[in-house]
Amino acid sequence: MSADFRPRSADSAAGRRPGDLLVRAGGIVFVIGALATLVTFVPFFVGTEPFPPTAYFVSMLMGVGFALAGAGLLRAVFEQRRHTRTTAES
């Protein structure tokens, strides 16, 4: 049995696995949220007016990105388990 998991689909030709796109998108959204969080704390240290509430809502994207990446990981795990189960049955 091979340690490298490659499902048979159109995406495997490009080197992608199930859930990879969700993990990448989650990472990007997480970084945007993390940068927004850092930016919203700057006025507190400088002593200027705080940003409008919209900036604080953008910083909540950090949690959304984390959830997207987790969903991608779960999808990859379930797909690998399904693949292993079908391989073991045949």
Side-chain angles (χ1 to χ4, degrees):
M1 189 181 326
S2 176
D4 188 28
F5 168 67
R6 300 251 186 237
R8 297 184 187 270
S9 67
D11 288 337
S12 66
R16 291 191 208 140
R17 298 178 184 172
D20 279 355
L21 188 60
L22 278 173
V23 172
R24 286 183 186 178
I28 291 169
V29 171
F30 182 86
V31 168
I32 291 170
L35 289 175
T37 301
L38 289 174
V39 168
T40 54
F41 276 105
V42 170
F44 296 122
F45 294 121
V46 180
T48 60
E49 288 290 320
F51 287 113
T54 309
Y56 295 99
F57 288 123
V58 173
S59 63
M60 289 183 194
L61 288 177
M62 207 161 65
V64 173
F66 189 75
L68 277 173
L73 287 174
L74 285 175
R75 179 169 181 201
V77 166
F78 290 140
E79 183 65 28
Q80 185 174 3
R81 288 180 72 182
R82 186 193 62 79
H83 177 71
T84 304
R85 193 175 359 191
T86 57
T87 310
E89 289 175 357
S90 49

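Not measured: the values here are computed from a predicted model.
Closest approach of Pro43 and Glu49 over heavy atoms only: CB-O, 3.5 Å. Minimum heavy-atom separation, Tyr56 to Ser59: O-OG, 2.6 Å. Glu79 and Pro18 get closest at one heavy-atom pair: CG-CG, 3.2 Å.
Counting heavy atoms from C-beta on, the side chains of Leu21 and Arg16 never come closer than 4.5 Å. Here the side chains of Gln80 and His83 are not in contact, with every heavy-atom distance at 4.5 Å or above.
Here the options are Thr37, Val39, Leu38, the test is side chain to side chain contact (heavy atoms under 4.5 Å, CB included), and the partner is Phe41; only Thr37 passes.
In the hydrophobic clustering of ILVMFWY residues, with side-chain heavy atoms under 4.5 Å counting as a link, Ile32 and Met60 come out apart. Cluster membership check: Val29 shares its hydrophobic cluster with Val58, using side-chain heavy-atom separations under 4.5 Å among Ile, Leu, Val, Met, Phe, Trp and Tyr. Residues Leu61 and Leu35 are members of separate hydrophobic clusters, defined by side-chain heavy-atom contacts under 4.5 angstrom among Ile, Leu, Val, Met, Phe, Trp and Tyr. Neither Leu22 nor Phe30 shares a network with the other; the hydrophobic side chains, linked directly or stepwise wherever heavy atoms of I, L, V, M, F, W or Y lie under 4.5 Å apart, form separate groups for each.
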